[in-house]
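For reference, the structure is listed below as structure tokens.
Just so we're clear, the structure is a prediction, and the values are computed from it rather than from any experiment.
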Amino acid sequence: MMSSHSATMQPKFFRLALVLYWANLTTQATTSHGSNLTTTSHGSNLTTTPHGSNLTTTSHGSNLTTTSHGSNITTSHGSNIITQLTTSHNNPPSVTTTNHTIPPAPPTAPPPFPMTRDSGLCQEVPDTTYNGRLINCTGRGLTRVDQSMFAPDTTSLILDGNNLTALHNSSLSRLTRLRFLSIRYSNVQGIQVDFLFGLSQLEHLDLEGNSLPLHQCAFPRDLFRNTPSLRRLYIAFNTRNKYGDWEKTCTDVKTMEYCNETSSQYPEYLDIFEATPRLEALSLDSLPQLCLGAEFAKLPALTNLTLYCASVEQAFNSSLVGLQKVSLRRLELVQFSNIIFSFLPENIFQPVQSLEELVINKCQVGNHNTLKTLWPFVNGTLRVLKLNDTKYSRYSESPAVTLKDGILTRRATEALVNICLHTVALSNNKIFAIEPEAFISETWERCLQTLDLSGNQLGLSSWRAILFQLHLLSSMEDITLTSPPSTYDMVHHDFSSITNETSEQINSIANGVISPETATPSPRPIAWIRFPPKVRYVRISYLTVQSFIQFRCTWRLVDAGHVRAIYAVNIPFFLYSRGRLLGLENLQIFDVTGSMMDVEEYFYDDFPGIEVLVMSAILPVDYFNTVVPLERLLRNMSKLRYLDLSNNQLNSIPRHAFRANAELRYLILSKNRFSSIPFDVQDSPHLTLLDLSDNAILHLTEREMWVLERQLDRVGQFTLRLSGNGIVCLCSTIKFVAWLQLTNVRLDRGGNYTCTSQSGKIKAVAEMHDVMALWRPCVGSLSLTTAIGLASTVALTFLSMYLGWRFKTSLMAYFLQLVAPQFRQMRPGDYEYQVFVGYADDDFNFVKDTLARFLEDDMQVKTFLHQRDLGIGYADQLFYDAIQASWRVLLVLTDTFLRRYDMANILMKYASLSVSVVNQGRVFVLLERSQIPKVPSFLLDVLDDTKIVILDDVNRPLNYEQKQSIRRCLEPI
């Protein structure tokens with residue numbers, strides 16, 4: 001019985017079979033050699049618009065759930081994929097690092113929303129959160145809002161990124177079911193008092209990023225009287241100018257010398273505090289004097305508060321006194337950027353000891369000053385602390401003070417380590433040294449689970465060896481240690497590198513964490529390093545040391561059995577090893593993107609549990625040829641499911657490189673130099689995604705198309721990515737063009753690639769939906785030849801067929817001269833260069849001293865030599881342009897060229913495809929006698945005996961016979 005999948009394929013492949021039948025009749029008479037070809041390997045400028053809604057929502061903890069139709073989840077290096085790690089353990093949470101995301105989602109795209117209507121201005125989708133209609137008008141250039149623009153049953157409305165200027169009375173009064181309203185960054189400068197009239201069910205209002213300072217023109221009295229259900233209100237980030245620029249219009253802002261429970265600084269007409277008793281989340285611009293007083297006591301349900309503090313000039317120990325009577329759980333202070341404001345009072349957080357999460361972002365008053373304010377949280381309920389960019393501002397302190405602020409001592413962290421925190425983030429603070437045991441305490445050993453030190457300048461030497469200090473934190477699960485990229489504005493310090501230290505010095509640095517292990521004899525010494533016993537994720541990137549890890553012995557990582565993911569991204573010298581690394585048997589994700597590794601072949605044998613391996617842009621560039629062969633590297637990874645080898649300048653890999661990886665499902669080979677599918681797909685029975693985008697693929701062969709169709713039958717759903725390749729849609733590749741139209745394999749961009757047509761024009765594959773029509777211009781010359789042959793004798797027919805095949809280009813030129821008298825052969829003067837010389841870099845001396853002198857000095861011929869004339873850009877595109885600009889193409893086929901020159905295959909293909917009816921004898925070669933059997937057949941197809949000049953030795957000068965042969969090849973036909 002035929003499967004349902006086969007049944008659905010039958011009508012399409014009946015058409016495909018018919019097309020391929022016609023293709024077989026004409027393949028030998030219509031090839032790509034008769035085209036004036038223009039291709040681009042890296043620059044296909046195709047702009048596509050994803051079908052469906054491009055929805056934008058806010059990130060203030062709202063429960064609004066939307067899904068874009070046809071949206072992609074993007075991981076590192078431009079590969080769009082959704083992966084799922086299914087093991088015998090619980091699935092790890094979604095892990096996001098610099099440039100990388102491996103979400104625990106199923107390996108299929110999310111189901112799209114059915115589009116209900118697209119008015120041209122706004123898009124509508126079902127609102128699954130509020131059971132109504134969600135309308136998205138983001139970035140539509142709206143200048144006004146009118147209720148007639150939206151359906152009455154709208155429950156969520158997004159108006160971000162427009163130019164509304166003013167919000168008028170009763171603009172949305174008909175939307176009585178509206179519960180979510182976002183008008184962010186829409187240049188709103190004023191709101192009329194009854195703008196919110198009729199919105200009694202509104203729960204979420206976001207007005208951030210506009211020009212709405214706290215005066216009566218922006219927030220008139222009684223504005224919020226019509227929204228009794230409001231729970232989330234965001235009106236921060238509206239102080240675009242300095243506070244003084246608009247203070248004159250706000251005469252009732254009080255100047256205060258102190259702040260207490262009875263103080264009330266916010267204007268009385270701002271009726272947030274009286275009209276919204278159910279408010280749970282609020283973002284607000286602070287006034288120049290930070291004082292949250294009696295007005296906040298009227299918000300008993302408030303749990304989440306964000307204060308934008310760019311205007312703050314003064315703060316008090318009692319600045320937050322009004323919050324002690326509310327049930328606040330999360331507080332975020334953003335951007336104390338006023339140069340007048342230089343410190344936080346030490347007891348400023350005394351009134352909010354019951355906080356569960358504190359975020360201080362861009363408060364550049366110094367790391368030590370910020371840490372001093374944490375004493376009120378000792379023995380409290382604070383569980384999450386995020387301090388981002390709290391270092392001193394470059395304008396506020398001397399270099400000596402700034403340098404000292406980057407060192408965390410035990411005294412500086414005394415309050416920090418005595419708080420029972422589950423998550424700590426000290427990011428982008430220019431921390432470059434941490435005193436040993438500064439992060440060690442009984443409290444943190446019991447509580448701390450996640451530590452984020454990203455964006456600092458830490459490493460592995462002495463006080464910078466933070467990883468060696470954390471082994472005592474038994475509850476630690478997630479560690480992030482990164483430095484800024486080299487272009488980041490940071491202070492550089494000269495510290496000794498671990499690369500020059502002996503084993504004894506390493507032991508002293510680690511304070512006993514690294515110790516010799518003598519129980520098991522080994523030909524190499526064994527050392528061990530202790531990990532926090534519960535750590536699961538380790539992230540390190542952009543480290544500023546010379547070498548991150550170096551060892552010449554075998555290391556055992558003790559208590560590393562819980563480690564599931566290691567991300568070591570963009571580290572210039574990440575790992576130098578002449579031993580083994582034991583203890584990571586349960587490692588599932590290993591990402592070394594952009595890092596340099598020099599290890600032994602057996603190094604990877606100790607990671608049998610790896611499911612996700614990312615080795616994109618690995619260093620050195622010939623890593624898989626000189627360090628570890630790919631087949632050897634993967635030999636012991638039987639559980640591997642996701643492999644990323646993108647951006648490694650690969651032009652070939654072993655045919656059976658993935659034979660040992662039967663579970664492989666996702667293979668990313670983008671941004672390399674492959675001209676075909678470089679491995680045996682049949683070795684990967686579960687492969688569901690193959691990414692070959694941005695390579696040098698011109699077309700797929702019949703064998704490759706058959707293999708992909710068979711893989712589709714095996715797995716049921718298969719995705720292939722080919723965008724960014726220089727695809728050609730010639731008569732010789734019409735089978736491939738037809739396959740793109742008819743296959744059930746999922747193609748990126750819906751298969752709508754750009755390709756170069758027979759006439760050299762760039763076309764979209766989608767324009768070629770009528771495959772049979774494409775064959776008509778391809779079979780015309782063959783039909784004419786066949787009609788003439790049928791009128792002749794049988795002998796003349798056979799002779800004509802032979803001559804037609806052997807001299808097809810000359811015959812096509814002859815018939816064109818008969819049909820079109822204005823037709824003429826191209827002359828040397830029609831081109832910029834007379835001879836393009838293609839050769840291997842190792843043969844440059846022969847080309848420069850012997851061949852170029854004969855051509856340029858003796859024959860006065862203008863030549864193109866790539867080591868002299870090649871410009872800046874993609875090499876394959878520049879070679880192609882130079883060939884198209886040359887009257888003759890001369891290839892020097894030596895052993896070096898054919899065996900070791902990485903551009904050889906591309907040059908020979910470009911040369912063979914450049915032969916056309918207007919320039920028949922375009923290609924000739926200088927061929928070493930020993931290399932005659934190695935010349936590709938596609939190149940021999942455009943050469944006759946007169947176009948092949950035999951060289952006995954490239955180190956000898958050209959003899960008279962060879963020079964005369966070259967002269968004849970340069971004569972016009």
If the condition is side-chain contact (heavy atoms from CB on, under 4.5 Å), which residues does D683 pass it with, not counting sequence neighbours? H656, R659, D680
N/O donor-acceptor pair under 3.5 Å between D691 side chain and I668 backbone: no
Qualifying residues under side-chain contact (heavy atoms from CB on, under 4.5 Å), relative to N648, sequence neighbours excluded: I618, F624, L645, L650, N672
Among residues at least two apart in sequence or on other chains, which ones pass salt bridge (charged side-chain N to carboxylate O under 4.0 Å, His left out) with D842? none
Contacts of T894 that satisfy side-chain hydrogen bond (donor to acceptor under 3.5 Å, both in side chains) - sequence neighbours left out: D843
Return yes if some donor-acceptor pair links the side-chain N/O of D644 with the main-chain N/O of S616 below 3.5 Å, else return no. no
Those residues at least two apart in sequence (or on a different chain) that pass salt bridge (charged side-chain N to carboxylate O under 4.0 Å, His left out) with D952 are R929
Report the residues that fulfil side-chain hydrogen bond (donor to acceptor under 3.5 Å, both in side chains) with D902, sequence neighbours left out, ordered by chain and then residue number. R673
In Å and rounded to the nearest 0.5 Å, what is the CD1 to CG distance from I932 to L893? 10.5 Å
Side-chain touch L927/V949, heavy atoms, less than 4.5 angstrom: no
The side-chain hydrogen bond (donor to acceptor under 3.5 Å, both in side chains) partners of S676 (sequence neighbours excluded) come to none
What pairs with R956 under side-chain contact (heavy atoms from CB on, under 4.5 Å), at least two apart in sequence or on another chain? D953
Check: W739/E709 side-chain N/O donor and acceptor closer than 3.5 Å: yes
Can a donor-acceptor pair be found, under 3.5 Å and without considering hydrogens, that links the side chain of D876 to the backbone of F879? no
So, using side-chain contact (heavy atoms from CB on, under 4.5 Å) as the criterion, who are the partners of L970 when residues are at least two apart? V835, L855, M859, V861, R888, F924, I966
Any side-chain to backbone donor/acceptor pair from N752 onto R749? Under 3.5 Å, distance only. no
Report all side-chain donor-acceptor pairs from residues 863-870 shorter than 3.5 Å, counting only partners two or more places apart or in another chain.
unit_1, atom_1, unit_2, atom_2, d
T863, OG1, E856, OE2, 2.4
T863, OG1, R868, NH2, 3.4
H866, NE2, D841, OD1, 2.8
R868, NH1, E856, OE2, 3.1
R868, NH2, E856, OE2, 3.0
R868, NH2, T863, O, 3.1
D869, OD2, L865, N, 2.9

Judged by atom type as modelled, is there a donor-acceptor pair below 3.5 Å linking the side chain of T733 to the main-chain atoms of F736? no
Test: salt bridge (Lys or Arg N to Asp or Glu O under 4.0 Å). Region: residues 831-840. Which pairs qualify, not counting sequence neighbours? none
Using the salt bridge (charged side-chain N to carboxylate O under 4.0 Å, His left out) criterion, which residues pair with R655? Sequence neighbours excluded. none
Can you find a side-chain donor-acceptor pair between Q682 and R710 that sits under 3.5 Å? yes
Do you know which of R967, R968, E961 makes side chain to side chain donor-acceptor pair (under 3.5 Å) with S965? R968
Pair D857 + R853, salt bridge at N-O below 4.0 Å: no
